[in-house]
Amino acid sequence: MSGDHSKTVADFDDLSEVTMKLSLPRQRRMRRVAVPTIRVVAGPDMLRFTSLSGGEEFVIGRDETAGLQLGDASVSRSHTLIRCDERGEVTVQDLGSTNGTAVNGQSVSRALLRPGDHLEIGAVSLRLDLLGLDELAHLGRVLERLQQAGRDALTGLHTRTFLDTELPDLSERCIEAKVPMATIFVDVDNFKSINDTYGHSVGDEVLGGIARLSMLGVRDTDPIVRYGGEEILILLPGSDEDGATDVAERLRRTVAGHDWGRTAGGLRVTISLGVAQRHAEESQKIWIDRADKAMYAAKQAGKNRVVRAQAYDPFAT
């Protein structure tokens, strides 16, 4: 769901260029080269990846020399060897690990790995995917952003101070450039129940997972803020309410369809989302409050849904 929108709002000369960039169909913007890629799909290392080409191989393990290093204690220092032959076929070979290697739940010493197959390295879940070059580049940039200084320690998102230090200037640039700006207010459904049932460590993994899925699902220049607790705020400069609603609905489906059972058996996670476009004369507080209220309306309507905010009322207090 990533785009190639490498420019910030300040880089656009007029609204027409923003509109053109946002309206390009995804399939026209993506380069359709398919690269075999092993990617972590659950846990603290979620989204870490390594790609392969014909004749290449790498080791997955805890050792710092591993081609894909995993920090989980269940992973041996040199756990599994991944090899891609000249025909593009990918094989997995266990290297005598302590906790074993499995493909789609079956323990293996050596096996052929096909796109979509799940690979279990100790307690860590990975998957073989075929990714386009733009998808790989975006994935790499997401991982870089997660490691930037000053981020929230748990999620890798911006902290709430972003709303005071950087959002006002970003909003002003949108107004000056005459481009819209929208926000999505996200809250995890039944989060207390997740903590009570599975424990706070699983709750932390859920928040981290949703943060990563959110970053993967927007442009590199779209800031995401951990607003508080299990709430996050996605800021979409250059997007109107319709565009933001589309982004919110895709994210809702992504979270609901994610295989959370690989984080904890039987775990299911959904989110409720509120969408609001900012009006030029509207204060930042009122704008975010409208998105917040829309999110609560989504909760009251049954959760796991997207609700648009009520229209801006300039006479409201």
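The figures that follow rest on heavy atoms only: side chains count, while hydrogens, waters and symmetry mates do not.
The backbone N or O of Asp63 lies less than 3.5 Å from no partner atom in the side chain of Thr65, so there is not a single donor-acceptor pair. In this structure, the side chain of His279 does not engage the main chain of Trp287 through any donor-acceptor pair within 3.5 Å. Between the side chain of Arg268 and the backbone N or O of Trp260, no donor-acceptor pair lies under 3.5 Å. Side-chain N or O atoms of Ser76 include one that pairs as donor or acceptor with a backbone N or O of Thr98 at under 3.5 Å. In terms of modelled atom types and a separation under 3.5 Å, the side chain of Arg173 and the main chain of Ala177 share no donor-acceptor contact. Distance alone, capped at 3.5 Å, is enough to place a donor-acceptor pair between the His258 side chain and the Val41 backbone. When atom types are taken as modelled, the side chain of Thr183 and the backbone of Ile234 share a donor-acceptor pair closer than 3.5 angstrom. Judged purely by atom type and a 3.5 angstrom limit, Arg48 uses its side chain to pair as donor or acceptor with the backbone of Gln69. With Asp94 contributing its side chain and Thr80 its backbone, the two residues share no donor-acceptor pair below 3.5 Å.
The side-chain contact (heavy atoms from CB on, under 4.5 Å) test with Asp45 singles out one residue from Leu68, Val40, Leu126, and that residue is Val40. Under the side-chain contact (heavy atoms from CB on, under 4.5 Å) rule, Ile224 has a single partner from Ile232, Leu236, Asp152, which is Ile232.
For the pair Phe58/Ile38, a side-chain contact is recorded, criterion being any heavy-atom separation below 4.5 Å from C-beta on. Side chains of Val92 and Asp117 form no contact here, defined as non-hydrogen atoms less than 4.5 Å apart. Residues Leu139 and Arg39 have side chains in contact (heavy-atom distance under 4.5 Å, counting atoms from C-beta outward). Side-chain contact between Glu241 and Val275: present, with at least one pair of heavy atoms (C-beta onward) separated by less than 4.5 Å. Using a 4.5 Å heavy-atom threshold, the side chains of Lys303 and Asn190 count as touching. Using a 4.5 Å heavy-atom threshold, the side chains of Arg278 and Gln284 count as touching.
Note: the hydrophobic cluster containing Leu154 also contains Val206 (ILVMFWY, side chain heavy atoms under 4.5 Å, direct or indirect links).
The ring-ring contact (aromatic ring centres under 6.0 Å, His included) test applied to Phe191 returns no partner, not counting sequence neighbours. Shown here are the side-chain contact (heavy atoms from CB on, under 4.5 Å) partners of Thr165, two or more places apart in sequence or in another chain: there are none.
For the 3.5 Å distance criterion, the side chains of Ser272 and Asp187 fail to qualify, holding no donor opposite an acceptor.
Ion pair Lys285/Asp292 not flagged as a salt bridge, since none of the NZ, NE, NH1 or NH2 atoms sits closer than 4.0 Å to an Asp/Glu carboxylate oxygen. Taking a cutoff of 4.0 Å between a charged side-chain nitrogen and a carboxylate oxygen, Glu249 and Arg252 qualify as a salt bridge. A salt bridge links Asp222 to Arg219: one of the charged nitrogens lies within less than 4.0 Å of a carboxylate oxygen.
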